[in-house]
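One-based numbering along the sequence shown. Indexing begins at 1, ligand by ligand and atom by atom, following the structure's order.
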Amino acid sequence: MREVLLAANWKMNTTPNEAQALVTQILPELSDITDIEVLLCPPFISTLVVADLLKGTPIRLGAQNCYYEDKGAFTGEISPAMIAEACQYVILGHSERRTLFGESSHIVNLKIKAALKHNLKPILCIGESLDENENARTEEVLTTQLTQSLADISSTDVSNMVIAYEPIWAIGTGRAASGEQANATIGMIRQTLSGTFGVPTALTTRILYGGSANSSNITEFVSQLEIDGALVGGAALKADEFVNMIKHTIAVKANEV
Ligand code: PGA
């Protein structure tokens, strides 16, 4: 059984004070989360503030990016070793990093290897653009991103990672994929994993959907067989909205048992 994961990607939102306020609003509602994993990924500067607040709770902490060297003269960068002192997860290869900051899948691959070395669980993001989607290139684009980003990574390491399928046309647009659409594409991603890393790895690796997921559509996604949760941007910045997403997800999982 793959444990469902709801991961909040706050992106470049919230000052440390705002981050503290948001976590303080969310926490009391989540004292009894069972059966699913919840993860918060605030901006770097709020990592330690949020880590303090999450101490003794089941909620996990992650970063939104990292560099691939351990330390040294890399002004402005942050290393997996630094993140690993406070976090369990790191988001890598988000489409905003790829398109706005020129990150190639090769760079993402180096970052994944560095994160794994420090026992961080990478959340590898992959996704096609609208143009690629409309030109029936989704499978080709996702397969290439997957293959290049996961080059030379062992099956065991891949099964400890999370993959997030985030169609670029759905991110921040309010135009989410349908549950069926996302399920079919994630099924295809699992097939590709199984071809490269074997069936057991494909069956244990969690694959999330991301792109305009919110409290109104989360049930549709987490009810699908192939979808193991969501990576949530905008909706995770509103305490009520995110808490409702968690509650809806727990309800779906409780009904499946
Ligand atoms: P969104 O972002 O939920 O605001 O569409 C998701 C993401 O980019 O991870």
**Prompt:** Contact residues of ligand 1 with a heavy-atom cut-off of under 4.0 Å?
**Reply:** Asn9, Lys11, His94, Glu166, Ala170, Ile171, Gly172, Gly211, Ser212, Leu231, Val232, Gly233, Gly234
**Asked** Hey, what do you get for CG (Leu146) to CD (Glu139), rounding to the nearest 0.5 Å?
**Response** 11.0 Å
Result block: side-chain N/O donor-acceptor pairs under 3.5 angstrom for residues 16-26, not counting sequence neighbours:
residue: Glu18; atom: OE1; partner: Thr15; partner atom: N; Å: 2.9
residue: Thr24; atom: OG1; partner: Gln20; partner atom: O; Å: 2.5

**Message:** Starting from Phe242, can I reach Ile33 by hopping between I/L/V/M/F/W/Y residues whose side chains sit under 4.5 Å apart?
**Reply:** yes
**Message:** Which label fits Tyr67 and Phe74: parallel for a plane angle under 30°, tilted from 30 to 60°, or perpendicular past 60°?
**Reply:** tilted
**Asked** Should side-chain heavy atoms under 4.5 Å link Ile, Leu, Val, Met, Phe, Trp and Tyr, which residues sit in the same cluster as Leu203?
**Response** Val199
**Asked** Considering residues at least two apart in sequence or located in another chain, which fulfil the side chain to side chain donor-acceptor pair (under 3.5 Å) criterion with Lys238?
**Response** none
